[in-house]
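Scroll down for the structure; my scribbles are underneath it.
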Amino acid sequence: MQACQYHSRSGMTNTLCCRPIGKLENCSLQPCQPINPHHLSYNNGSNGSNYPVHISQDRYCTLESSSLSVNYTGHDSPSTVSFSANESSLSQQESMSLCMDPHHSPDTNYGSPITGPRVTEDVNELKHKLKELETVMLGPDLDSLEYFDDTLPSSIASAEIESWRDMMVVIPKGDLKRVLSACAMAVSNGDLLTAQWLISELRQIVSVSGEPVQRLGAYMLEGLVARLSASGSSIYKSLKFQEPASFELLSYMHILYEVCPYFKFGHMSANGAIAEAMKDEERVHIIDFQIGQGSQWIPLILAFAARPGGPPHIRITGIDDFRSIVARGGGLSIVGRRLSKLAEAFKVPFQFHGAAMSGCEVQVKNLGIRPGEALAVNFAFMLQHMPDESVSTENHRDRLLRMVKGLNPKVVTLVEQEFNTNTAAFYPRFLEALDYYTAMFDSIDATLPREHKERINVEQQCLAREVVNIIACEGKERVERHEPLGKWRSRLKMAGFSPYPLSSLVNATIKTLLENYCSKYRVEERDGALYLGWMNRDLVASCAWK
């Protein structure tokens, strides 16, 4: 898919930051081999004070991402950071000059601002200073200051030492979420030294085949590395065009659909609202802004077929996106034929109209509006991908809502993941994603056996790309822009809509559905909307409007 308390702490300031290098424009992104969980190990077996980190194709490509490699050399030379592509590396002098560009992203300086780079010209002097810092970090008694002498840089303040001490307490306890949070804070602050050290620690405790938080940690770590190397957009584009064959992707999506109730919950609640609104109509037109496989409409067609007095004439306009084309292995005609065949078998008058375009391109003329038809519009897991005023002056998110309101629909259904990643700065966005996807990976673990041979592929193809996009990308390249239901309510009301209450029958039907799943799932009705949650975390929200 495509939704605790947070403890944040400023890490070390960027006291050992050298001049920035140029953008990585010559990196060649090549597909990796399919993942073998036995080969993709994050425990590199390092010990003592040496924490080498080498992020490369054969050891780190959890998402088949690219041949881009990021090499962090351990404490023998902890300031050496090199980025290479196609087996060509930066020179040692260039490697020593790397630092996070404070102007790379408006989110980069969340937390402590960067005042500017400091240059250390003498490599030996830098090694000496870092060796002393290592002694403070890894010495047998962090509470003692006898390790310091007059040569220790005055810029290493006591607050920074406390920050390192805190992290040294966290890591032995294996608190992966706190280590991820600390690493994200370091990346946000442009604190390269702290980030590279924490990345080396994270590589040893994350795993695509481990506990739920370890699996999520592997994908979040990939996002952090991509962001740190300023290659997030390139990596996400590469991932987008390296999707598996259509039948494989469809298989993975079907597994997730069956083992977790996210999609079924959204589809059932939306269908219930549409069926209730159209119970007395003879001609019904449904516009689905992201029709995908068209699976949502199969139970609704069957329900209309059984309606007392006979079924209405149904026309469905299905709007497409790129991912759905890949998953189907073809265009919208596949969906049209499938639904038409079903309707014919149950003697339901039916027509299908396809509009092969993204939501940003849709205009009224593409929707095939006809007089005399009762109109229903379905926004299921779709508006989160539309850029709003924070990204584009066109603001397609609100434009679509205003356009639909102008069509005077009888009912509009909205289903979205319940978390906030749209306008949040990088660090709070990271924490929100960590909390949300932790619940989601936990729920998958409870219903899909860990030894299931396709589980890794399901998580990679259906969830991991979202995680990387949320963490590594900014601007127009960040397409995963979720908002909580409170913000959607504001947008819908501003567009002129009013709430359409869901019937008690729909709510009871969905609660019955959940009896087939883990008891930790829950459904709650609040303020006219339905929420599907895992334990105490809301995951999906569904509501209807008119």
Side-chain angles (χ1 to χ4, degrees), residues 2 240 266-267 270-271 273-274 277 283-297 300 314-328 330-336 339 351-371 373-417 422 475-483 487-488 490-497 500 542-546:
Q2 326 190 179
K240 198 72 174 171
H267 293 171
N271 286 355
I274 293 172
R283 302 187 69 85
V284 175
H285 182 194
I286 300 170
I287 299 175
D288 188 348
F289 270 85
Q290 186 163 300
I291 195 165
Q293 304 294 325
S295 302
Q296 175 175 351
W297 308 116
L300 186 62
I314 302 173
R315 193 161 62 92
I316 294 180
T317 294
I319 299 168
D320 191 56
D321 69 358
F322 173 80
R323 184 173 177 84
S324 295
I325 294 175
V326 173
R328 280 194 304 270
L332 284 168
S333 59
I334 295 175
V335 177
L339 295 179
Q351 286 182 297
F352 181 83
H353 168 64
M357 61 186 64
S358 76
C360 293
E361 301 171 307
V362 174
Q363 304 291 335
V364 173
K365 63 183 180 181
N366 306 123
L367 302 178
I369 302 299
R370 297 176 186 173
E373 294 179 331
L375 181 63
V377 177
N378 183 56
F379 290 111
F381 305 108
M382 178 269 175
L383 285 175
Q384 66 194 36
H385 297 136
M386 293 295 100
D388 70 348
E389 68 277 4
S390 67
V391 181
S392 168
T393 56
E394 296 177 282
N395 188 2
H396 293 290
R397 188 167 295 196
D398 289 340
R399 179 188 71 82
L400 287 178
L401 292 177
R402 291 193 300 269
M403 181 187 74
V404 167
K405 180 59 180 174
L407 302 177
N408 194 29
K410 192 156 189 183
V411 65
V412 173
T413 52
L414 175 74
V415 183
E416 287 290 347
Q417 292 170 255
N422 184 23
K476 293 182 179 180
E477 301 296 339
R478 182 156 62 83
V479 298
E480 300 294 338
R481 292 181 168 273
H482 312 83
E483 290 186 320
K487 290 191 175 183
W488 290 119
S490 297
R491 291 186 186 276
L492 286 156
K493 289 179 179 178
M494 288 175 60
F497 290 98
Y500 185 100
S542 177
C543 56
W545 300 76
K546 59 183 179 180

- Verify side-chain contact (heavy atoms from CB on, under 4.5 Å) between Asn422 and Glu480, making sure each step is shown before the conclusion. CA-CA 7 Å; Asn422 184 23; Glu480 300 294 338; over 6 Å; no
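- Proximity of a side-chain donor or acceptor of His353 to a complementary backbone N or O of Asn366 within less than 3.5 Å is detected.
- The two residues Val412 and Phe379 make their nearest non-hydrogen contact at CG1-CD1, 3.9 Å.
- For the atom pair CG of Leu492 and NZ of Lys405, the computed distance is 10.0 Å after rounding to the nearest 0.5 Å.
- In this structure, Leu407 and Val364 have side chains that are in contact, with non-hydrogen atoms separated by less than 4.5 Å.
- Counting heavy atoms from C-beta on, the side chains of Asp288 and Ile319 never come closer than 4.5 Å.
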- Go through the steps for Ile286 and Leu300 under the test side-chain contact (heavy atoms from CB on, under 4.5 Å), then give the verdict. CA-CA 11 Å; Ile286 300 170; Leu300 186 62; 3.7 Å; yes
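- Counting heavy atoms from C-beta outward, Lys493 and Trp545 have side chains that approach closer than 4.5 Å.
- Between the Arg315 side chain and the Glu373 main chain, no donor and acceptor come within less than 3.5 Å of each other.
- Within 6.0 Å of atom CE in Met494, 12 or fewer heavy atoms from other residues, nucleotides or ligands are found, so the atom counts as exposed in its surroundings.
- Here the side chains of Trp297 and Ile291 are in contact, with some heavy-atom distance below 4.5 Å.
- Taking 4.0 Å as the cut-off between side-chain N and carboxylate O, Arg397 and Glu389 do not count as a salt-bridged pair.
- Nearest heavy-atom pair across Ala270 and Asn378 is CB-OD1, 3.7 Å.
- Looking only at distances, no side-chain donor or acceptor of Arg283 sits under 3.5 Å from a matching main-chain atom of Ala374.
- Residues Lys546 and Lys410 form no side-chain contact, since every pair of their non-hydrogen atoms from C-beta on lies 4.5 Å or further apart.
- For the pair Val362/Leu367, a side-chain contact is recorded, criterion being any heavy-atom separation below 4.5 Å from C-beta on.
- For the residue pair Ser295 and His267, no side-chain donor N or O sits within less than 3.5 Å of a side-chain acceptor on the partner.
- Side-chain atoms of His285 and Ile369, non-hydrogen and from C-beta on, do get closer than 4.5 Å to each other.
- Side-chain N or O atoms of Arg399 include one that pairs as donor or acceptor with a backbone N or O of Cys360 at under 3.5 Å.
- Using a distance-only test at 3.5 Å, with no hydrogens or angles considered, a donor-acceptor pair links the side chain of Asn271 to the main chain of Gln296.
- Atom SG of Cys543 and atom CH2 of Trp488 lie 10.0 Å apart (nearest 0.5 Å).
- When every heavy atom of Val377 is checked against every heavy atom of Pro409, the shortest pair comes out as CG2-CB, 4.3 Å.
- To the nearest 0.5 Å, atoms NE2 (His396) and CD (Glu361) are separated by 9.0 Å.
- Atom CD1 of residue Ile316 and atom CG of residue Leu332 lie 12.0 Å apart, to the nearest 0.5 angstrom.
- Remark: side-chain polar atoms of Glu416 are paired, donor with acceptor, to backbone N or O of Leu383 under 3.5 angstrom.
- Within the 3.5 Å criterion, the main-chain N or O of Gln384 finds no donor-acceptor partner in the side chain of Arg481.
- Using a 4.5 Å cut-off on side-chain heavy atoms (C-beta onward), Asp320 and Phe289 make no contact.
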